[in-house]
Amino acid sequence: MTSRTRPARPHHDRATGRAFLYRAVRRPHLFGSPAPSGRPLGAQVASLLPDSGSPTVVELGAGTGALTTWIHKRLPAGSRLLAIELDEVLAAHLAARLPAVDVRQGDAERLPALLAEAGLTRADAVVTSLPWTLLPQRRRDALLDAVAASLAPEGLATAVVTRTALPGRVRDLRRAFEARFGEVTVLPTVWRNLPPAAVLVARRPRRAAAEDA
């Protein structure tokens with residue numbers, strides 16, 4: 001269950017930044033950016049989500065909640081927000097920081113099972129903060145399959161792609177999304193983010209549509 005709330009206060013931002021940096025230094029292979037997503041990027045991602053009805057939204061790689069805060073603020077009362085984080089320390093930090101959000105520590109490859117454990121069958125949107133361009137191909141494809149299989153036929157998925165990513169990796173990532181979604185677009189770069197980043201938006205998951213048919 002979620003409801004509207006204000007974005008985190010500045011002293012929470014500082015604590016969150018320290019928590020993120022500490023874990024990023026210890027486990028750099030799990031992080032695609034040296035800092036949590038900034039406010040302009042968070043606001044852009046949140047604007048893609050419905051602000052009426054009772055949608056189910058999942059965030060993968062929630063980290064310290066830089067995007068979670070904006071998603072939570074955007075969603076209407078009666079919606080469901082499931083924040084999934086692999087790192088146990090960051091998951092505990094996020095659960096304490098945003099007690100109204102359903103935070104679960106687990107592997108995003110298990111997304112269908114994690115949804116079932118939460119009493120859910122499909123998500124209307126899956127927002128990701130995963131380091132997509134740093135992942136081995138097998139891991140990337142398994143995660144994308146899990147996302148596509150977990151979405152409603154009209155659902156959407158997002159990915160944050162930093163400007164520091166290798167162009168070849170970015171092209172491969174887009175092709176991987178296009179193999180699983182009927183529509184893939186990239187929004188304008190958010191230059192005020194650190195590092196600058198663009199949001200990839202994928203709609204009409206092919207696997208979800210095939211299963212429903």
Side-chain angles (χ1 to χ4, degrees), residues 7-8 10 13-14 16-17 19-21 23-25 28-51 55 57-75 81 83-86 90 94 108 123-137 139-141 143-144 147-148 151 154-205:
D13 291 343
R14 290 193 293 271
T16 294
F20 182 95
L21 181 60
R23 299 307 285 176
V25 169
H29 60 291
L30 298 180
F31 296 82
S33 169
S37 300
R39 293 185 179 186
L41 184 64
Q44 184 184 77
V45 171
S47 71
L48 298 168
L49 304 175
D51 60 358
V57 176
V58 176
E59 182 185 5
L60 300 181
T64 54
L67 292 182
T68 317
T69 301
W70 290 96
I71 297 169
H72 188 209
K73 180 175 182 288
R74 168 77 172 185
L75 296 181
L81 172 56
I84 297 171
E85 171 54 44
L86 179 62
L90 293 183
L94 181 57
D124 298 296
V126 176
V127 175
T128 72
S129 301
L130 302 172
W132 286 108
T133 58
L134 300 180
L135 297 174
Q137 180 178 339
R139 171 71 166 165
R140 181 202 68 196
D141 289 348
L143 287 167
L144 275 175
V147 170
L151 279 167
E154 298 303 319
L156 70 86
T158 73
V160 174
V161 182
T162 65
R163 279 289 190 169
T164 56
L166 295 175
R169 290 290 186 94
V170 175
R171 287 192 296 270
D172 288 345
L173 177 62
R174 178 157 187 167
R175 283 194 290 266
F177 267 90
E178 289 172 342
R180 294 163 177 83
F181 291 86
E183 176 187 340
V184 178
T185 58
V186 179
L187 301 183
T189 298
V190 179
W191 294 103
R192 289 187 292 163
N193 196 65
L194 179 65
V199 177
L200 181 152
V201 183
R203 302 179 189 273
R204 296 190 286 116

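Values reported hereafter were calculated over all heavy atoms of this structure, with side chains retained and with hydrogens, waters and symmetry mates removed. Quick caveat, the model's predicted, so the values are computed rather than measured.
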Quiz item: Can you find a heavy atom in the side chain of L151 that is under 4.5 Å from one in the side chain of V126?
Solution: yes
Quiz prompt | Nearest-0.5 Å distance, CG of residue D141 to CZ of residue R180 | solution = 4.5 Å
Quiz item: Do V160 and W132 have side chains that get closer than 4.5 Å, going by heavy atoms?
Solution: no
Practice problem: For residues P205 and G155, report the shortest heavy-atom separation together with the two atoms involved. | Solution: CD-O, 3.6 Å
Self-check item: Sub-4.5 Å side-chain heavy-atom contact between L75 and D51
Solution: no
Exercise. Mind checking the CG-CG spacing from L173 to L166? Nearest 0.5 Å is all I need.
Key: 12.5 Å
Exercise. Starting at CG of L90, measure out to CD of E85 and round the result to the nearest 0.5 Å.
Key: 5.0 Å
Exercise. Of all the heavy-atom pairs spanning L94 and A83, show the shortest one and how long it is.
Key: CD2-CB, 4.1 Å
Exercise. Indicate yes or no: does D172 engage R169 in a salt bridge with an N to O separation below 4.0 Å.
Key: no
Quiz prompt | Close side-chain approach of R192 and P40, heavy atoms under 4.5 Å | solution = yes
Self-check item: Straight-line distance of S47 OG to L187 CG, nearest 0.5 Å
Solution: 7.5 Å
Quiz item: More than 12 non-hydrogen atoms from neighbouring residues, nucleotides or ligands closer than 6.0 Å to CD on E183, yes or no?
Solution: yes
Exercise. Specify the closest pair of heavy atoms between R174 and V184, including all atoms of both residues, with the distance to one decimal.
Key: NH2-O, 3.1 Å
Practice problem: Work out which heavy atom in S129 is nearest to a heavy atom in L67; give both atom names and the distance. | Solution: OG-CD1, 3.0 Å
Quiz item: Looking at side-chain heavy atoms only, is the closest gap between I84 and E59 below 4.5 Å?
Solution: no
Quiz item: R74 side chain to A46 main-chain N or O, any donor-acceptor pair under 3.5 Å?
Solution: yes
Quiz prompt | Note, V199 side chain near V161 side chain (heavy atom, < 4.5 Å) | solution = no
Quiz item: Heavy-atom count around R139 CZ within 6.0 Å, excluding the residue itself: above 12?
Solution: yes
Quiz item: Looking at CG of L156 and CZ of F181, how far apart are the two atoms once the value is rounded to the nearest 0.5 Å?
Solution: 8.5 Å
Quiz item: Judged by atom type as modelled, is there a donor-acceptor pair below 3.5 Å linking the side chain of T69 to the main-chain atoms of A66?
Solution: no
Practice problem: Kindly indicate, with the supporting measurements, whether the criterion side chain to side chain contact (heavy atoms under 4.5 Å, CB included) is fulfilled by V186 and V201. | Solution: CA-CA 6 Å; V186 179; V201 183; over 6 Å; no
Exercise. Would you mind reporting whether V127 and W70 have side-chain heavy atoms less than 4.5 Å apart?
Key: no
Practice problem: For T128 and T158, indicate whether the former's side chain and the latter's backbone hold a donor-acceptor pair under 3.5 Å. | Solution: yes
Quiz item: Do L200 and F177 have side-chain heavy atoms sitting under 4.5 Å apart?
Solution: yes
Quiz prompt | For A123 against V58, the heavy-atom pair lying closest together | solution = CB-CG2, 3.9 Å
